[in-house]
Engineer: 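The structure under discussion is supplied below as structure tokens; questions concerning it will follow.
This chain uses plain numbering: 1 for the first residue, then up along the sequence. Computed from a predicted model, the values in this text were never measured in an experiment.
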Amino acid sequence: MTLVLSLHRRLSFLVTVCCVLTEIHGVNSALYESIADEFESIIENNGFSINHGKMVMDKAEQCGYSGDGNYGIYEIPTAPNEFTVDLNTACEHRFGPTEAVVFMCQTPPSEAEYFSYTHFLSTKIHLGRSKKIEASLSDSINPINVNVLSKSDDSKDSFGKDIAIITTASQETLNIVKAALIEAGVPDGVINYQVISADVVDIGLSKGSDSIGFIHHVIGLDEQSGYLNDRSVYLDDPKCTVVRLTPGVGESRSGVQAYKPFPPSERAPNGSGDDEDYLRRPLNKVERSIKTSIIAKYQTVNAATVSQAKDPESCISKFKPCSGDNSDAITFTNFPGMPYHTNSFYILYGVNHVQTGFATVQTISVNDMGGNLLGMVNVNAELIGSASAYPNVEDNDELFAVMITRDCRGSDFCLEISPSIGEDRSKYGPLTFSEDIILNPNTGTAPSEKEILVFRVLYGKFLGGALPRSIN
């Protein structure tokens, strides 16, 4: 099985609006359509104005989000008196302390492998200037911790279900909005919460206030996964409703005058109490088999595989970028620093964390020195049996090995990467590798880096410039 992947990028730009109330029209979710009239009547009687937005997929690159799967962003109307000159309102907004954002949709279809909904502190004012932070404000909502109806112990039962998410900084506002949703007919069991703490975020609509962003992530519905019918239905138009509720209109104003802030969100622990150390010796055996089965000159890769885990609380307190952290995922990177010549190859090998029960999804990404994604492989979907393709390695689905080279010539478990960055020497520049390990099904968070074995990289050159033979 030769894995020949290419990168499909889509880049769209939204028109930035400022200082006026702007409605963003789209197709409402079926859940919102069923309760819209009554819900909006109740909300208006509680002193809120209602402004409609939507969620759109495959436009998140303009907000700095890319990688495995697909990303959705909320298109949210700008509120009166919201200062937006220093914001990209396609990606972020400032919110008043008693405002709320309500999201309604169906979770992705069951063919997907993973989804999440995360809200971020997007920018924070530091020394008089707006600084990008992009730190999550709570654990992501995912298939394990999401509130949906008829949810069994199987996390796949969370897919294709109605969901509502309330985001606000005010406990009073949350109580009002939740009561309105339930009175209008939304089941309590589908309502989820993403709170904003005034202890963490400088809340307000003015220039000196922080901004908030929202990201939806789904894996398993892109073109390479084969679910083209579902892609056209969900990724092209997920039919999600986003409404911004702003206090200050209506006959009854008493319900939204009180402001009781939330404390910082508590994070779920990510340790399971188990580990993968039992696979250390079998993994060493895979390395020995690779070196004895492929006629090549091997060079030591000195670069270690390192964790890219971010601590959002530390990012916020120290005004450092968190790059859109996600409590469901942990990323490891390896930069061997070796030139990628025509006879060069890399072999990445490690543990299939899905098979060991430490992950729901695991991907390996290949990037050039400029950060451009050159290829990606889903370990559990595409590399089962890959380690045992090498001699004297027992059949073990818990291990994987994949070759990276320019021409696989029919070799199994080989990913062809042929950068074409002009005719200069840059096309022979080193490659970088990333391993994303997502959602331990036993904890509902990312696996603990202390409990798993990270991937390794072996670099070599085929002797005499020879191209690889089939390893079977």
Side-chain angles (χ1 to χ4, degrees), residues 1-7 280-306 332-352 363-379 382-383 385-393 399-435 453-472:
M1 176 179 61
T2 298
L3 307 173
V4 185
L5 304 184
S6 60
L7 176 64
R280 193 177 301 275
R281 292 182 65 183
L283 191 58
N284 291 338
K285 187 174 182 179
V286 171
E287 179 175 313
R288 291 194 298 270
S289 178
I290 291 171
K291 287 185 174 182
T292 57
S293 63
I294 300 178
I295 302 174
K297 179 181 179 182
Y298 294 93
Q299 293 179 231
T300 301
V301 175
N302 294 320
T305 299
V306 297
F332 294 91
T333 59
N334 191 298
F335 174 50
M338 302 295 189
Y340 189 43
H341 293 301
T342 54
N343 64 334
S344 300
F345 66 89
Y346 301 88
I347 295 181
L348 281 59
Y349 55 104
V351 173
N352 184 328
T363 60
I364 297 288
S365 303
V366 185
N367 291 74
D368 62 20
M369 288 292 292
N372 300 302
L373 180 63
L374 303 177
M376 182 180 298
V377 58
N378 185 312
V379 172
E382 299 171 279
L383 297 180
S386 56
S388 57
Y390 291 91
N392 303 314
V393 176
L399 300 175
F400 75 88
V402 60
M403 177 181 287
I404 311 293
T405 190
R406 292 177 180 270
D407 188 349
C408 290
R409 292 289 180 94
S411 294
D412 290 342
F413 306 112
C414 181
L415 179 61
E416 288 186 354
I417 299 292
S418 299
S420 55
I421 316 176
E423 297 303 320
D424 59 7
R425 291 177 60 86
S426 63
K427 67 181 178 180
Y428 302 114
L431 303 179
T432 64
F433 307 101
S434 299
E435 178 184 41
L453 297 180
V454 299
F455 78 108
R456 307 175 190 177
V457 178
L458 188 63
Y459 174 82
K461 291 183 179 180
F462 299 107
L463 292 180
L467 291 169
R469 307 176 300 179
S470 173
I471 59 178
N472 280 343

Engineer: Could you grab the distance from atom OG1 of Thr405 to atom CD1 of Ile417, nearest 0.5 Å is fine?
Structural biologist: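 The CD1 atom of Ile417 is 10.0 Å from OG1 of Thr405, to the nearest 0.5 Å.
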Engineer: Could you tell me whether the side chain of Leu399 reaches within less than 4.5 Å of the side chain of Val351, counting heavy atoms only?
Structural biologist: yes
Engineer: Where do Thr432 and Phe335 come nearest, in terms of heavy atoms and distance?
Structural biologist: CG2-CD1, 3.3 Å
Engineer: Which atom names give the shortest non-hydrogen contact between Asn392 and Lys285, and what distance separates them?
Structural biologist: O-CE, 2.9 Å
Engineer: Kindly indicate, with the supporting measurements, whether the criterion side chain to side chain contact (heavy atoms under 4.5 Å, CB included) is fulfilled by Val402 and Glu382.
Structural biologist: CA-CA 10 Å; Val402 60; Glu382 299 171 279; over 6 Å; no
Engineer: Quick check for you: to the nearest 0.5 Å, what is the distance between Asp407 atom CG and Asn343 atom CG?
Structural biologist: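 Rounded to the nearest 0.5 Å, the CG-CG separation comes to 12.5 Å.
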Engineer: Distance-only, no hydrogens or angles: does the Ser386 side chain make a donor-acceptor pair with backbone N or O of Ala401 under 3.5 Å?
Structural biologist: yes
Engineer: If we only count heavy atoms from C-beta on, is the Thr292 to Pro391 side-chain gap below 4.5 Å?
Structural biologist: no
Engineer: How many angstroms lie between CE in Met403 and CG in Leu415, if you round to the nearest 0.5 Å?
Structural biologist: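 Answer for the CE-CG pair, Met403 versus Leu415, is 11.5 Å.
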Engineer: Report yes if some heavy atom in the side chain of Tyr346 is under 4.5 Å from a heavy atom in the side chain of Val366; otherwise report no.
Structural biologist: no
Engineer: Begin from the C-alpha positions of Thr305 and Asn334 and carry the test side-chain hydrogen bond (donor to acceptor under 3.5 Å, both in side chains) through to its verdict.
Structural biologist: CA-CA 5 Å; Thr305 299; Asn334 191 298; 3.0 Å; yes
Engineer: Is any side-chain heavy atom of Leu458 closer than 4.5 Å to a side-chain heavy atom of Lys291?
Structural biologist: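 The answer is yes; the side chains approach within 4.5 Å.
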Engineer: Using atom types as modelled and distance alone, determine if a side-chain donor or acceptor of Tyr340 lies under 3.5 Å from a backbone N or O of Arg406.
Structural biologist: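 Confirmed, Tyr340 side chain pairs with Arg406 backbone.
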Engineer: Rounded to the nearest 0.5 Å, how far apart are CD of Glu416 and CG of Leu374?
Structural biologist: 13.5 Å
Engineer: Under a 4.5 Å cut-off applied to non-hydrogen side-chain atoms, are Phe345 and Cys414 in contact?
Structural biologist: no
Engineer: Considering only heavy atoms from C-beta outward, does the side chain of Asn284 approach that of Arg288 to under 4.5 Å?
Structural biologist: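 Answer yes - side chains close enough.
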Engineer: Kindly give the heavy-atom pair with the smallest separation between Ser388 and Gly385, and that separation in Å.
Structural biologist: OG-O, 3.1 Å
Engineer: Taking the side chain as every heavy atom from C-beta outward, state whether Ile404 and Leu348 have any pair of such atoms under 4.5 Å apart.
Structural biologist: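 In contact.
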Engineer: Nearest 0.5 angstrom please: Arg456 CZ to Glu287 CD, how far?
Structural biologist: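 Between atom CZ of Arg456 and atom CD of Glu287 there are 6.0 Å.
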Engineer: Could you check, using the six-membered ring where one of them is a Trp, whether Phe332 and Phe455 have ring centers closer than 6.0 angstrom?
Structural biologist: no
Engineer: Just by modelled atom types, is the Gly375 backbone N or O under 3.5 Å from a matching donor or acceptor in the Ser365 side chain?
Structural biologist: no
Engineer: Provide the closest heavy-atom pair for Met369 versus Pro430 in the form atom of the first, atom of the second, distance.
Structural biologist: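 What the structure gives for the nearest pair is CG-O, 3.5 Å.
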Engineer: If you look at every heavy atom in Tyr459 and Ser344, which pair is closest and at what distance?
Structural biologist: OH-OG, 3.1 Å
Engineer: Within this structure, what is the CZ-CG distance for the pair Phe433 and Asn367, rounded to the nearest 0.5 Å?
Structural biologist: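 Between Phe433 CZ and Asn367 CG, I get 9.5 Å after rounding to 0.5 Å.
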